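A short worksheet on the structure shown next.
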Amino acid sequence: MTATAQLEGTSAPEFVPPVPHDLGDTGLPSSLIEQLLLKILYFRGETIGRDLANGIGLRFSLIESMTDFFRRQKLVEVKASLGMGSISSVFALSDTGRKVARDYLDNNQYIGPAPVPLWQYSEAVQAQKLKDGWLTKEMLQRAYRHMVVSDAVFGQLGPALNSGKSCLIYGQPGNGKTYLVEALVNLDSPLIYVPYAIEYQGQIIQLFDPIYHQVAERVAESLSALSGDFAYDGRWVRCKRPFIMTGGELSLEMLDLSYN
């Protein structure tokens with residue numbers, strides 16, 4: 001399930017992960033979500049229903065039946081309530097609930113927002129691919145505004161980057177090749193949505209890495225005190241497109257055939 005939203009001043013729609021309206025929209029088995037809820041409660045201790053929903057990245061209405069089930073099974077206790085329904089109740093694990101949560105932790109130690117199925121992530125990757133011709137000369141000039149670059153260099157660099165393929169920058173040592181490439185991190189490329197984790201065949205793989213993903217907005221930041229209306233799926237985080245740079249040395253001898 002995917003969704004798009006029109007960006008102001010652009011002709012191309014932006015991919016926006018839609019908010020799940022029921023458990024079927026998440027693409028996940030309910031047992032996996034139940035395990036995550038118990039593990040979150042195990043580490044957080046007493047937690048308000050709204051915060052529990054935000055912690056797993058889903059509306060409280062999607063997990064309310066699960067909290068009721070936990071209470072009937074004596075896995076969770078309600079310590080207090082603010083008088084606004086289950087969303088304002090303070091939940092805590094019972095002794096039995098803590099034992100069950102520890103068993104789940106032995107199987108998988110991931111704790112955080114619910115994962116996204118691999119097929120949903122694959123669709124999102126395709127929807128967020130940079131389109132042909134996304135890079136303009138004005139974007140390059142803004143990225144290189146801190147240095148002097150000739151139009152001839154822009155004329156070579158722009159088409160090479162727009163091709164979406166590997167390019168080779170060569171020259172004498174110390175002539176600014178690395179400095180030229182490092183400036184590309186300043187490109188104002190469209191923001192993307194990255195899931196906190198993905199799920200495949202029952203296994204949870206953490207994907208979001210705060211080292212490489214610069215957060216622009218988390219869905220919980222747009223919520224009011226007791227609002228359950230997400231702007232987009234809370235299992236995703238909006239961030240800058242990752243820019244990962246590696247380097248190495250290439251000499252003429254490395255291009256020659258040699259006997260091993």
Side-chain angles (χ1 to χ4, degrees), residues 17 19-121 194-211 213 215 218-221 223 225-228 230 232-237:
V19 179
H21 295 286
D22 54 52
L23 290 178
D25 292 340
T26 67
L28 301 172
S30 58
S31 58
L32 188 148
I33 299 176
E34 291 173 355
Q35 293 176 23
L36 275 176
L37 289 172
L38 291 177
K39 289 191 289 185
I40 291 174
L41 283 170
Y42 182 81
F43 281 97
R44 290 193 179 186
E46 296 183 1
T47 306
I48 297 178
R50 174 181 56 86
D51 294 337
L52 183 61
N54 290 343
I56 204 169
L58 300 173
R59 289 176 171 177
F60 183 79
S61 59
L62 270 65
I63 65 170
E64 186 173 8
S65 61
M66 296 182 182
T67 59
D68 293 339
F69 172 77
F70 293 154
R71 292 168 60 184
R72 292 194 300 269
Q73 296 297 316
K74 309 299 183 183
L75 300 176
V76 168
E77 301 172 347
V78 176
K79 295 293 187 179
S81 177
L82 301 180
M84 288 174 280
S86 297
I87 194 172
S88 65
S89 297
V90 179
F91 297 98
L93 290 178
S94 64
D95 291 338
T96 303
R98 282 191 288 271
K99 181 180 182 301
V100 173
R102 284 193 295 267
D103 292 339
Y104 289 149
L105 285 168
D106 290 338
N107 183 51
N108 189 300
Q109 296 187 348
Y110 173 79
I111 301 169
V116 172
L118 180 62
W119 65 269
Q120 288 187 4
Y121 173 61
V194 175
Y196 287 96
I198 57 176
E199 180 271 340
Y200 181 68
Q201 294 186 347
Q203 298 298 314
I204 301 177
I205 306 165
Q206 188 167 348
L207 186 66
F208 172 74
D209 190 331
I211 296 178
H213 297 113
V215 176
R218 297 181 190 270
V219 68
E221 296 172 358
L223 295 176
L226 286 175
S227 172
F230 292 163
Y232 52 88
D233 191 343
R235 299 176 296 165
W236 301 71
V237 58

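The structure displayed is predicted, hence computed values, not measured ones.
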Next on the checklist: Strictly distance-based, threshold 3.5 Å: is any side-chain N or O of Lys39 a donor or acceptor partner for the main-chain N or O of Tyr110?
Outcome noted: yes

Item to check | Partner set under salt bridge (Lys or Arg N to Asp or Glu O under 4.0 Å) for Arg44, not counting sequence neighbours | outcome: none

Item to check | Within-4.5 Å side-chain heavy-atom neighbours: Leu105 and Phe43 | outcome: yes

Checklist outcome for this item: Hits for side-chain hydrogen bond (donor to acceptor under 3.5 Å, both in side chains) against Gln206, two or more places apart or cross-chain, chain-then-number order -> none

Item to check | Pairwise side-chain contact, Pro117 with Ile198, heavy-atom cut-off 4.5 Å (strictly under) | outcome: no

Item to check | Sub-4.5 Å side-chain heavy-atom contact between Glu34 and Phe70 | outcome: yes

Next on the checklist: With a 3.5 Å distance limit and no angle check, can you tell me whether Thr47 reaches the backbone of Gly45 through a side-chain donor-acceptor pair?
Outcome noted: yes

Next on the checklist: Can you classify the ring geometry of Phe208 versus His213 as parallel (below 30°), tilted (30 to 60°) or perpendicular (above 60°)?
Outcome noted: parallel

Item to check | Working for side chain to side chain contact (heavy atoms under 4.5 Å, CB included), residues Thr26 and Arg235 | outcome: CA-CA 9 Å; Thr26 67; Arg235 299 176 296 165; 3.8 Å; yes

Checklist entry - Is there a side-chain contact between Trp119 and Tyr200, using heavy atoms and a 4.5 Å cut-off? => result no

Checklist entry - Between Arg71 and Asp68, is any pair of side-chain heavy atoms under 4.5 Å apart? => result yes

Next on the checklist: Please check this pair: side chain of Arg50 against backbone of Ile87, looking for a donor-acceptor N/O pair closer than 3.5 Å.
Outcome noted: no

Checklist entry - Tell me, do Met66 and Leu23 make a side-chain contact under 4.5 Å, heavy atoms counted? => result yes

Next on the checklist: Do Glu199 and Leu118 have side chains that approach each other closer than 4.5 Å (heavy atoms only, starting at C-beta)?
Outcome noted: no

Checklist entry - What's the spacing between Ile111 CD1 and Tyr42 OH if we round to 0.5 Å? => result 9.5 Å

Checklist entry - Tell me, do Ile204 and Pro115 make a side-chain contact under 4.5 Å, heavy atoms counted? => result yes

Item to check | Atom pair CG (Leu75) and CG (Leu41), whose distance is rounded to the nearest 0.5 Å | outcome: 10.5 Å

Item to check | side-chain contact (heavy atoms from CB on, under 4.5 Å) partners for Asn107, two or more places apart | outcome: none

Item to check | Ionic contact status for Arg102 with Asp106, cut-off 4.0 Å | outcome: no

Item to check | Ser94 side chain vs Gly97 backbone, donor-acceptor pair below 3.5 Å | outcome: yes

Next on the checklist: Keeping Asp25 on the side-chain end and His21 on the backbone end, is there a donor-acceptor pair under 3.5 Å?
Outcome noted: yes

Item to check | Heavy-atom pair with the smallest gap, counting every atom of Pro113 and Gly234 | outcome: CB-O, 4.3 Å

